[in-house]
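Computed from a predicted model, the values in this text were never measured in an experiment. Atoms within each ligand, like the ligands themselves, are counted from 1 in listed order.
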Amino acid sequence: MIDDRSGRKDARDEWVFGGLDGGDERALIGCEWGSNVWAVEIRQACLLGGRKRPKEAERVEAEVKEDTFPVAVRLRRTHGHTDTLVLLPFDFAPPGGERKTLHGTPTFIPSLPAMQSFIGHLLVMAMSSRLVSSRRLQGPLRRLSSLSHVAPRRHGRSAFLPVATAFSNSAAPSRRTVSRATPPLHTASASGTDIEDKLADKRPVPIILLAGFLGSGKTSTLKHLLENNSNVKIGTIVNDVASVNIDAKLIANSSSRGDLVESGAQGVIELQNGCACCSIADELFSSIIELTQNGRRELDAIVIELSGVADPQAVVSNWKEETSRGHPATRIACLDKTVTLVDACTFGTDWMSWDVVADRDEWMQGESPTAVERKVPELLAEQVEAADLLLVNKIDIAGGEQSKVAKVVARGLNEKASVVETEYGRVDVNELLGNLLDQELEETDSRNTGNSHEHSHEHSGHDHEHSHSEHSEHEASSHSHDHGDHGDHDDESECNDPSHSHSHSHEHSSECSDPGCTDTSHSHSHDHGALAENHLGITSFVYKTAVPFNTSRLMVLLNSWPIPIKDNLDFASGESFVDEGAKDNVFRGVLRSKGFAWLSPANWGSREGCDNWRHETAMYWSHAGKHFGIETAGKWWAGLDKDQIRPYFANNMKEYERIMEEDWISDEWGDRRQELVFIGINLDEDAIRKELDHCLCTEEELAVYRKNVKRYIVREEAAVTMLRRELN
Ligand SMILES: Nc1nc2c(ncn2[C@@H]2O[C@H](COP(=O)(O)OP(=O)(O)OP(=O)(O)O)[C@@H](O)[C@H]2O)c(=O)[nH]1
């Protein structure tokens with residue numbers, strides 16, 4: 001319930017801001033809140049602030065014009081704080097504040113003066129907790145002070161309802177849970193017999209595998225699916241080869257801050273530190289048991305975002321093998337289809353340029369180029385060949401020729417899959433889900449059981465099966481190498497026949513990734529780098545520290561990184577980006593880097609052009625292939641006390657504990673940190689670390705930073721005091 005003095009409802013209240021005019025408030029969303037705004041919901045319509053999409057902007061317009069005005073708008077920011085912006089009508093003016101029950105919803109309805117005071121208090125609270133800076137509030141404050149001179153418009157009493165609903169909604173428990181731990185296989189009540197009994201009449205939950213090379217757009221597609229589908233209950237499993245699962249954090253964050261409240265998102269399980277097609281294949285099965293709560297949870301579909309180096313065909317093979325063994329997970333769920341993302345910018349013209357591989361020496365720096373150069377295209381080919389649906393993504397930044405080449409090559413590799421061009425994986429969700437929900441149980445049964453010498457990537461709409469003889473050629477060249485990397489395998493390593501008793505994914509001689517293995521003759525290296533290294537020579541590491549980057553030095557470093565497309569860098573004012581395209585660069589082998597970055601403000605103060613907001617703002621760093629971007633990703637949690645943060649996770653304490661354990665890496669700076677995952681070929685980890693370390697603030701710079709933070713806080717507090725005085 002709303003406490004009318006403070007505007008807070010209960011302990012885990014979201015921050016609520018009010019405004020009285022739709023037009024103004026939209027301006028406020030767009031301008032005043034600028035980069036802090038991530039998602040705005042108007043009822044169920046969703047508008048992504050900062051990257052508004054015309055379609056959604058139009059919907060906003062439509063909502064506001066509707067006679068049903070007022071509208072309730074919930075404003076959310078990623079990675080931390082959640083704000084709610086509520087648009088209220090001018091006719092929000094019953095005499096005095098009153099509490100009522102409207103359509104079964106307990107509601108506080110303030111009068112106009114009460115609203116003004118209410119909004120004022122909220123603004124004070126927001127500033128006190130430094131959710132927003134005083135500068136950013138100047139516009140809203142001006143509007144607030146002018147409200148008393150504006151005559152209220154009348155819209156009828158029924159108009160109160162959406163607002164009331166919005167308040168009550170934000171107090172409603174979230175449906176989402178985010179789990180991290182994956183229990184051991186075949187645990188507790190997950191026995192095959194139990195599940196068999198329970199599931200006797202149940203249809204297995206269809207699984208969609210989301211595949212694609214590093215940075216091709218899998219997470220974007222997953223987010224799109226979750227955000228644009230309100231009817232289907234979707235559980236997700238997110239796999240990453242690195243020890244830190246940035247993608248899962250992004251999806252989980254969306255859940256925590258409620259972006260996916262209206263969607264069918266039903267939980268996120270992280271699978272990290274290895275690849276679900278090989279080194280952590282078993283965990284994939286236990287994750288399905290966990291996600292579905294041993295089959296008790298009602299799910300319409302499960303989407304598994306595979307790591308960028310996963311071979312989906314290997315997952316299919318493992319699945320068949322486990323099906324024949326009667327693994328409980330395979331009774332709960334069934335593989336339905338594989339969707340592969342193809343990066344239009346890089347796919348055809350670069351990674352698939354078999355005849356010009358020598359040109360790609362930048363990957364190798366003279367280190368055994370032949371093997372590595374051969375492998376990446378092969379992985380790409382495997383991913384494409386396994387697809388039922390191919391999404392040729394990033395067409396917005398790919399040239400027409402690049403998109404064409406990507407499509408032609410992909411089509412050449414897999415004639416039977418549907419091909420759709422996309423931006424940010426935005427595809428009609430029906431393409432992804434198809435008539436999956438209407439499929440007959442018999443179909444899925446036969447798919448799970450498999451048929452000895454068939455690739456099983458049939459799916460709703462256009463089933464297709466290939467015999468081994470049809471594929472003998474590509475299998476000889478591409479389906480054998482990755483398993484070969486794990487050590488010795490018998491000649492049947494390519495066979496998918498579940499009736500054959502051979503495991504092609506975990507046998508080892510020189511390299512072993514079995515955490516339980518005690519054989520000292522095996523070279524065990526169980527860190528994330530080793531796990532990734534088992535797969536195509538790709539390694540990864542995490543750069544993590546609680547020291548901010550000096551923005552100027554970071555800019556110089558990025559300038560020297562040979563990536564042609566760089567955008568959203570938004571560095572300190574006065575700096576401009578010049579691509580010097582240095583040839584010898586330690587970052588050359590990096591295929592993908594992503595994570596959270598903390599940049600030191602270069603221009604503290606309160607004037608135009610100051611960037612002290614960086615102190616509060618997490619940046620999302622994302623480099624994939626030839627594209628690098630760094631953009632705001634909401635505020636650090638550290639802007640709040642731990643006690644203030646806790647209520648945001650009332651329904652998901654696991655995530656709160658995870659943040660405190662993993663992200664809150666220093667007492668002084670909280671979760672402000674660099675947490676960057678680097679994935680690539682023959683990475684010179686030490687050299688990259690050294691380059692990044694060089695960009696960190698020095699002790700002297702940190703001392704200045706500390707001083708400026710103190711001044712910044714004093715200034716903010718003074719602004720709050722002034723506002724309080726004005727309000728009283
Ligand atoms: N311009 C543009 N950028 C895109 C598009 N799709 C994805 N991106 C960006 O490319 C980067 C990688 O996208 P993700 O969706 O994280 O890719 P991913 O396949 O999940 O990446 P990994 O999990 O690391 O393999 C992000 O910065 C995205 O914002 C697109 O269609 N156009």
Review point. Which word best sums up how the rings of Trp636 and Trp598 line up, parallel for under 30°, tilted for 30 to 60°, or perpendicular for over 60°?
Key: perpendicular
Practice item. Over 60° means perpendicular and under 30° means parallel, so classify the ring planes of Trp621 and Phe678, tilted if in between. Key: perpendicular
Taking [Y]'s backbone N and O only, do any of them form a donor-acceptor pair with [X]'s side chain (distance below 3.5 Å, no angle check)?
X: Lys337; Y: Leu432; result: yes
X: Arg673; Y: Lys544; result: no
X: Asn550; Y: Arg553; result: yes

Does the N or O separation between [X] and ligand 1 drop below 3.5 Å for any pair?
X: Glu423; value: no
X: Lys594; value: yes
X: Gly215; value: yes
X: Gly217; value: yes

Point to revise | Closest heavy-atom pair and its distance - Thr340, Ala387 | key: OG1-CB, 3.4 Å
Study note, to complete from the structure: Between Gln402 and Ile397, the two heavy atoms sitting closest are OE1-O, 4.3 Å
Would you say [X] contacts ligand 1, with heavy atoms under 4.0 Å as the rule?
X: Ser216; value: yes
X: Asn393; value: yes
X: Lys223; value: no

Study note, to complete from the structure: With heavy atoms and a 4.0 Å threshold, my read on which part of Ile397 contacts ligand 1 is side chain
Which atoms of ligand 1 are found less than 4.0 Å from any heavy atom of [X]?
X: Leu214; result: 25 (O)
X: Thr219; result: 15 (O), 16 (O), 18 (P), 20 (O)
X: Glu305; result: 20 (O), 23 (O)

Revision key, fill the gap. Closest to atom 15 (O) of ligand 1 by heavy-atom distance, out of Ser220, Ala344, Gly595, is Ser220
